[in-house]
Amino acid sequence: MLKKKTYNFININSLFQKFIYTLIILNVLSLILASYKEIYTKYELFFENFELFSVIIFSVEYILRFWTADLDYEKGSPFSKRMKFSLSAFGLIDLFAILPFYLPLLFPFDLRVLRILRLFRLLRIFKLGRLSKSLQTITSVLKESKSELSITLFVAFILMILSSTLMYYVENEAQPDKFENIGQSLWWSVATLTTVGYGDIYPITGLGKILSSIIALIGIGFVALPTGIISSAFISRMQKDKENGKECECPNCGTKF
């Protein structure tokens, strides 16, 4: 059956997957190099031809995946299965990766808008998630620990609101231009809790400095918290796979155990 052979080719064939994998990486490198005016001016024709070649390949791949999508799902009509693929995360990524090339051909766009659309070419790197088992494992781990991560983000939001409100009342009189409202204080809170510390807004009063020190220390622990949650979930997942007789592979070094 032609459809089944096509499905196996685009989903299982290692040579095809390596080709797509390499093409995605080259597209990202091309996008970076094209941002250098001297390089783009010198090799403009090459960049344009490479973009055209990439769009053709990705377009054919998308059409084939759309055509064979009904083999991915058990329930539903062929049309509903294809729609399910089109609205899935990978389906949308595949579509948005090629859409910026076709939209200017169909509709008259302002050149500034066209430049913004070119940013969507970066979405091609997310296509690697379909090809990489390591990325699939990481995605699965993030899904498993989404409850814990959601709670962490909620606590972070409360801490930012609380700290920015306190700092507003402490520093407003001393720096009415820097801590004019809680919104400006919120920017300081984000920079401090994430330990970035841009330095454009900072406390000058004694109480403000003490409060800032406490919040900065809390921020160090807060940044480490999501990392600990993800690491714990990842180790738990690998141990579970090992107990089930599955071979695990480290996403960083590729070591199998």
* Decide whether Tyr40 and Ser35 meet the rule of one side-chain donor and one side-chain acceptor closer than 3.5 Å. =>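 There is no such pair (donor and acceptor under 3.5 Å, judged by atom type) between the side chains of Tyr40 and Ser35.
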
* Asked: Looking only at side chains, do Glu51 and Ser30 share a donor and an acceptor under 3.5 Å apart?
  -> no

Would you say [X] and [Y] make side-chain contact, with heavy atoms under 4.5 Å?
X: Leu23; Y: Phe53; answer: yes
X: Tyr7; Y: Leu64; answer: no
X: Phe47; Y: Ile39; answer: yes
X: Asn11; Y: Arg65; answer: yes
X: Phe58; Y: Val55; answer: no
X: Leu26; Y: Phe50; answer: yes
X: Asn172; Y: Asn181; answer: no

* salt bridge (Lys or Arg N to Asp or Glu O under 4.0 Å) against Lys3, all qualifying residues, sequence neighbours excluded -> Asp70

Can you tell me if [X] uses its side chain to pair, donor with acceptor, with the backbone of [Y] under 3.5 Å?
X: Ser189; Y: Met160; result: yes
X: Glu61; Y: Ile10; result: no
X: Thr41; Y: Lys37; result: yes

* Asked: With hydrophobic residues grouped by side-chain heavy-atom distances under 4.5 Å, do Tyr169 and Leu207 end up in a single group?
  ->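 As far as the 4.5 Å side-chain criterion goes, Leu207 and Tyr169 are not connected within one cluster.
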
* With sequence neighbours excluded, residues passing ring pair (Phe, Tyr, Trp, His ring centres under 6.0 Å) with Phe9 -> Phe16

* Asked: For Tyr36, does the OH atom sit with more than 12 other heavy atoms under 6.0 Å from it, leaving out its own atoms?
  -> no

Cut-off 3.5 Å, no hydrogens considered: what does the side-chain donor-acceptor table look like for residues 83-91, sequence neighbours left out?
{"from": "Ser86", "atom 1": "OG", "to": "Arg82", "atom 2": "O", "distance (Å)": "2.9"}
{"from": "Ser88", "atom 1": "OG", "to": "Phe85", "atom 2": "O", "distance (Å)": "2.6"}
{"from": "Ser88", "atom 1": "OG", "to": "Gly91", "atom 2": "N", "distance (Å)": "3.2"}

